2 protein chains.
Amino acid sequence: MTDSASAPRRATPAYRLLADRLRVQIDRGEFGQAGRLPTEAELQREHGVSRHTVREALNQLETDGLIRRVQGSGTFANPSQGRSGRYQRRIGSLDEIVVWPDTTMEVLDSFEVEVNPALAARLELPYIEVGHARIRRWYEGEPFVVTDHWVAPSLAKTLAEARVPTRADGTVIGEAEQFLSSKIAGARQDITAMAAPRREAELIGCEPGAPILLIERVYYDTAGGLVEMTASHFNPRRYSYRMDLRRRT
Amino acid sequence: MTDSASAPRRATPAYRLLADRLRVQIDRGEFGQAGRLPTEAELQREHGVSRHTVREALNQLETDGLIRRVQGSGTFANPSQGRSGRYQRRIGSLDEIVVWPDTTMEVLDSFEVEVNPALAARLELPYIEVGHARIRRWYEGEPFVVTDHWVAPSLAKTLAEARVPTRADGTVIGEAEQFLSSKIAGARQDITAMAAPRREAELIGCEPGAPILLIERVYYDTAGGLVEMTASHFNPRRYSYRMDLRRRT
DNA sequence: AAGTGGTCTAGACCACCAT
DNA sequence: TGGTGGTCTAGACCACTTC
């Protein structure tokens with residue numbers, strides 16, 4: 001049971017490699033109609049890892065809503081839901097938020113420093129200036145969301161020089177992370193509804209005053225500091241926020 | 001390492017008992033200003049369990065956004081956010097959805113069977129009838145949400161006879177579970193915005209046509225069957241949907 | 001009765017942080 | 001350098017499902 005007898009350490013942990021492999025197989029539908037995965041014992045043998053490692057991998061997939069585990073019976077891939085015209089995001093963890101697959105991005109206003117005491121305070125900055133940028137996203141030829149980004153002025157300058165954002169399917173926070181001393185640890189978001197202001201209505205293709213979805217986020221790093229605030233205005237006819245809630249046991 | 005030397009089996013697993021204990025301590029602010037929890041080694045000793053059990057308990061708290069773990073440094077309680085007048089729900093798992101703390105419930109229409117082919121189809125029922133009920137919730141003397149519940153007609157009859165819902169802070173699905181052969185495994189929800197219909201506007205205290213938050217849910221059981229569908233109309237001035245997104249690693 | 005996932009122990013090495 | 005959380009192995013018994 002000494003560790004010298006175990007597999008060599010890798011850059012990415014074994015349970016994550018296994019989870020990623022299974023994720024691909026599930027996407028490809030390799031587990032047939034019933035979606036039945038190999039048993040934990042089989043996965044142990046096939047991949048040469050301990051049961052604990054297998055279970056950690058399955059925990060990840062379960063957290064993301066990809067599988068369902070039934071005691072005494074087996075592990076099954078959840079059926080993937082079909083689209084209904086709108087762009088539906090299914091978010092289980094922050095890792096799924098760092099890319100927007102199949103969308104394109106348009107920079108309306110790149111990062112500039114402006115005076116905004118209220119937002120500076122919300123970012124817990126010791127002064128009244130913030131960096132601001134405004135970005136719009138398209139899906140299938142239609143704009144569906146416009147997002148305001150607020151960061152500390154120093155970070156805004158760095159991002160402006162690096163011409164961030166650069167990737168059409170990336171996110172500002174995802175690209176900004178390389179310039180941070182601490183990594184992004186998480187985010188807190190509030191979802192609510194509001195009447196579309198005139199400018200936002202034009203940008204996302206709805207009437208002024210029409211109901212839109214507002215999602216506000218605050219990203220914080222591992223040191224506990226606030227890194228970025230965003231406010232996204234979604235056209236609800238083109239976007240819906242989908243998520244899975246699961247029982248713990 | 002034989003199990004005969006281990007602690008006796010309990011009705012609820014040890015890691016859950018530990019998690020619940022820690023949850024209470026966090027709520028009470030027993031870990032001081034910094035919110036630093038005991039180390040995993042200390043928790044092992046204090047509660048007489050293995051490190052694996054300690055880590056499973058901490059995993060639960062992390063999933064619910066209550067703690068943050070920093071490698072090499074320690075485990076810390078996340079600061080609880082203050083209120084801003086509105087009722088803010090923070091949902092990490094289904095277990096947190098089976099009660100609505102601090103709210104009261106009003107039955108507008110108790111369960112009755114009605115003809116509704118579209119909803120019967122969405123519940124995957126083989127006929128055109130569904131059971132329907134309508135419930136309103138209050139917070140601090142103000143109504144903030146009205147929810148329509150749809151279930152299979154047979155379940156509706158059972159619930160009507162049992163006079164469900166009965167608890168002011170309970171949920172229909174939570175109380176219905178005792179009558180089901182399979183347990184609730186999870187739910188899928190879509191969040192979007194819409195203009196308030198006249199009737200719903202009256203019920204939640206806003207103007208007709210005002211933007212409101214619509215949350216649609218489908219609950220499914222461990223057998224994979226659909227159990228209940230709900231549509232909730234929230235007054236966004238009195239309610240906001242808050243959640244935490246966390247990095248996996 | 002056999003097989004599956006759920007829980008738990010004991011012990012190990014590692015990466016990272018604080019000192 | 002010592003302590004913290006992150007990863008991993010080996011092995012065990014249990015609850016539940018299926019046959």
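These figures come from a predicted structure and were not determined experimentally. By convention in this document, chain letters (A, B, ...) are assigned in the order of the sequence lines, proteins followed by strands, and residues within each chain are numbered from 1.
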- Between dC8(C) (P) and Q60(B) (CD): distance, integer Å: 11 Å
- Message: At less than 4.0 Å, is any side-chain N or O atom of Y15(B) found next to OP1 or OP2 of dT7(C)? Yes or no.
- Response: yes
- Note on the structure: When rounded to whole Å, the NE2 to P distance for the pair H52(A) and dC13(C) reads 17 Å
Give me, pair by pair, the N or O atoms of the protein and of nucleotides 3-5 of chain D that are less than 3.5 Å apart, along with how far apart they are.
unit_1, atom_1, unit_2, atom_2, d
dG3(D), N2, G72(B), O, 3.0
dT4(D), O2, G72(B), N, 3.1
dG5(D), OP1, T75(B), OG1, 3.1
dG5(D), OP2, E40(B), N, 2.9

- Message: Restricting to non-hydrogen atoms, name the atom on V145(A) and the atom on S232(A) that form the minimum distance, rounded to 0.1 Å.
- Response: CG2-CB, 3.9 Å
- Query: Would one find a side-chain N or O of T53(B) under 4.0 angstrom from OP1 or OP2 of dT9(C)?
  - Reply: yes
- Message: By the side-chain hydrogen bond (donor to acceptor under 3.5 Å, both in side chains) test, which pairs, at least two apart or in different chains, include something from residues 33-43 of chain A?
- Response: E40(A)-R51(A), E40(A)-R55(A)
- Query: Where the side chain of E62(B) meets the backbone of R68(B), is there a donor-acceptor pair that is under 3.5 Å apart?
  - Reply: no
- Less than 4.5 Å apart, any side-chain heavy atom of Q189(B) and any of R242(A)? no
- Shortest non-hydrogen contact from L61(A) toward A19(A): CD2-O, 3.7 Å
- Quick one: R16(A) CZ to dC14(C) P, roughly how many Å, whole number? 20 Å
- Just how far, in rounded Å, is C1' of dG6(D) from CZ of R68(B)? 17 Å
- Note on the structure: the helix from dA1(C)-dT18(D) to dA18(C)-dT1(D): angle between terminal helix axes, five bp per end, to the nearest 10 degrees, reads 10°
